[in-house]
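Below, chains carry the letters A, B, ... as their sequence lines are ordered, and counting in each starts from 1.
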Amino acid sequence: MVKRIVVGAHYGLKDWLVQRVTAVIMIVYTLLWLAIALYHGGIDLALWQAMLANGALRVITLLLGVSVLWHAWVGMRDIWMDYIKPTAVRLTVEVLTVVVLIGYGGWLAQLLWSAK
Amino acid sequence: MRALSCQVPRVGALIFSRQHALRWQRHIDCLYNFLVTVHAPSEKPVLKTRPVYLNLIQIRQPLPALVSILHRISGAALFLVGIPVCLIALQASLASPDALAEARSLIAHPLAKLVLLGLLWSYLHHLCAGVRFLLLDLHQGIELGPARQSSIAVLAASLALTIAIGVRLW
């Protein structure tokens, strides 16, 4: 059996960075909608639907979705790693999390592009 | 050395709280281990092991710790409830007016409103605490005083914003 040390420099750095970059993207997206609301003096249903019919905002919203799901993955994985010790149970829960998150991503894409 | 360790219960008896007693016991353990090592350097140091109680309920958490654990709890809530609720809401908002009316009647229920209020707070706390953590990463406000003040600010701002937005929505 090959013994490898799986902790060390850079291990987990990518996740740490992803968590922060996606957080900044989500803050910017929140500010974007705040700016839209301020510019139009509020958001009603018609404006909301018109904005999401806009191709650019659709793509931006999908990017937001990817950020949310990736961010959620890093955070939930941290939580599962901290509290679930049996490897089999943890792996099962982690796989379920990934499956659910990818499902949410598909759902979001479908919602955005099926809207008239 | 034996005499020193025998004094532990006597010291403990003078002390009021359990945490206080535990802290003293740890000081005395430390001293005991030090003396054993100094007086018998040829022997292998005998390290006394005592159970360490780290009961999170018993320990009074400092404010930054409270912000941190609430960040985790709110994050978990946003994943478990927040994301699906947002997707359902988006679906209703883009579908027919009937679906939207149905969704509106669903969230008119007081219990649903409570859940939405909880999600609103989760989002706002996660956002405010997240900004604080980003600033801490950039070494802004890492001293004890500013760190305490910013954790109070996060708790207050997220609660105030939740109340302000919650009142406006209902």
Side-chain angles (χ1 to χ4, degrees), chain A residues 16-17 19-31 34 37 42-53 58 61-62 64-65 67-80 82-83 93 96-98 100-101 103-116, chain B residues 54 56 65 68-104 107 119-120 122-140 154 157-158 161 164-165 168-169:
Chain A
W16 181 89
L17 198 58
Q19 197 170 37
R20 276 138 188 92
V21 171
T22 51
V24 171
I25 293 174
M26 289 185 280
I27 293 171
V28 171
Y29 187 83
T30 303
L31 294 177
L34 267 180
I43 297 171
D44 61 359
L45 187 64
L47 178 67
W48 170 256
Q49 287 177 344
M51 292 305 289
L52 285 178
R58 260 184 203 175
T61 303
L62 189 68
L64 179 272
S67 292
V68 170
L69 300 176
W70 204 350
H71 190 91
W73 161 243
V74 176
M76 289 314 291
R77 179 168 164 270
D78 282 349
I79 292 181
W80 303 140
D82 279 352
Y83 303 125
V93 173
L96 278 175
T97 306
V98 172
V100 167
L101 286 174
Y104 285 158
W107 187 5
L108 176 67
Q110 191 199 12
L111 283 180
L112 287 174
W113 269 271
S114 65
K116 307 279 175 317
Chain B
L54 287 176
L56 291 174
S68 177
I69 190 62
L70 288 177
H71 189 74
R72 172 162 284 200
I73 292 170
S74 57
L78 289 171
F79 164 72
L80 293 171
V81 190
I83 298 176
V85 164
C86 280
L87 282 167
I88 291 169
L90 180 65
Q91 184 162 28
S93 75
L94 295 177
S96 59
D98 289 350
L100 190 65
E102 197 185 337
R104 283 212 169 122
I107 58 170
L119 284 177
L120 181 64
S122 294
Y123 173 75
L124 290 168
H125 179 83
H126 208 81
L127 174 68
C128 294
V131 170
R132 176 173 176 270
F133 292 144
L134 284 173
L135 290 174
L136 290 177
D137 283 344
L138 297 172
H139 296 245
Q140 300 297 310
V154 164
S158 55
L161 281 172
I165 301 174
R168 273 195 70 169
L169 287 182

Ignoring hydrogens and angles, tell me if any N or O in the side chain of A:R20 forms a donor-acceptor pair with the backbone of A:W16 under 3.5 Å. yes

Heavy-atom closest pair, residues A:D78 and B:R72: CB-NH2, 4.0 Å

Within residues 74-82 of chain B, which residues come under 4.5 Å of chain A, heavy atom to heavy atom? B:A76, B:F79

In the structure I gave you, are the side-chain heavy atoms of B:L134 and A:I27 within less than 4.5 Å of one another anywhere? yes

Using the side chain to side chain contact (heavy atoms under 4.5 Å, CB included) rule, take B:E102 and B:D98 through it: C-alpha gap first, then chi angles, then the decisive distance, then the call. CA-CA 6 Å; B:E102 197 185 337; B:D98 289 350; over 6 Å; no

For B:I73, which atoms come within 4.5 Å of any heavy atom of chain A: side chain, backbone, both, or neither? neither

Closest heavy-atom pair, A:S67 versus A:M26, reported as atoms and distance to 0.1 Å, is CB-CG, 4.3 Å

With a 4.5 angstrom heavy-atom cut-off, could you sort out which part of A:I79 is near chain B: side chain, backbone, both or neither? both

Between B:L127 and chain A, which part of the residue has a heavy atom less than 4.5 Å away: side chain, backbone, both or neither? side chain

Where A:R58 and A:L52 come nearest, the two heavy atoms and their spacing: NE-O, 2.9 Å

Shortest non-hydrogen contact from B:H125 to B:H71? NE2-N, 3.6 Å

If I compare all heavy atoms of B:A99 with all of B:A92, which pair ends up nearest, and what's the gap? O-CB, 4.3 Å

At a heavy-atom separation under 4.5 Å, does A:L108 approach chain B through its side chain, its backbone, both, or neither? both

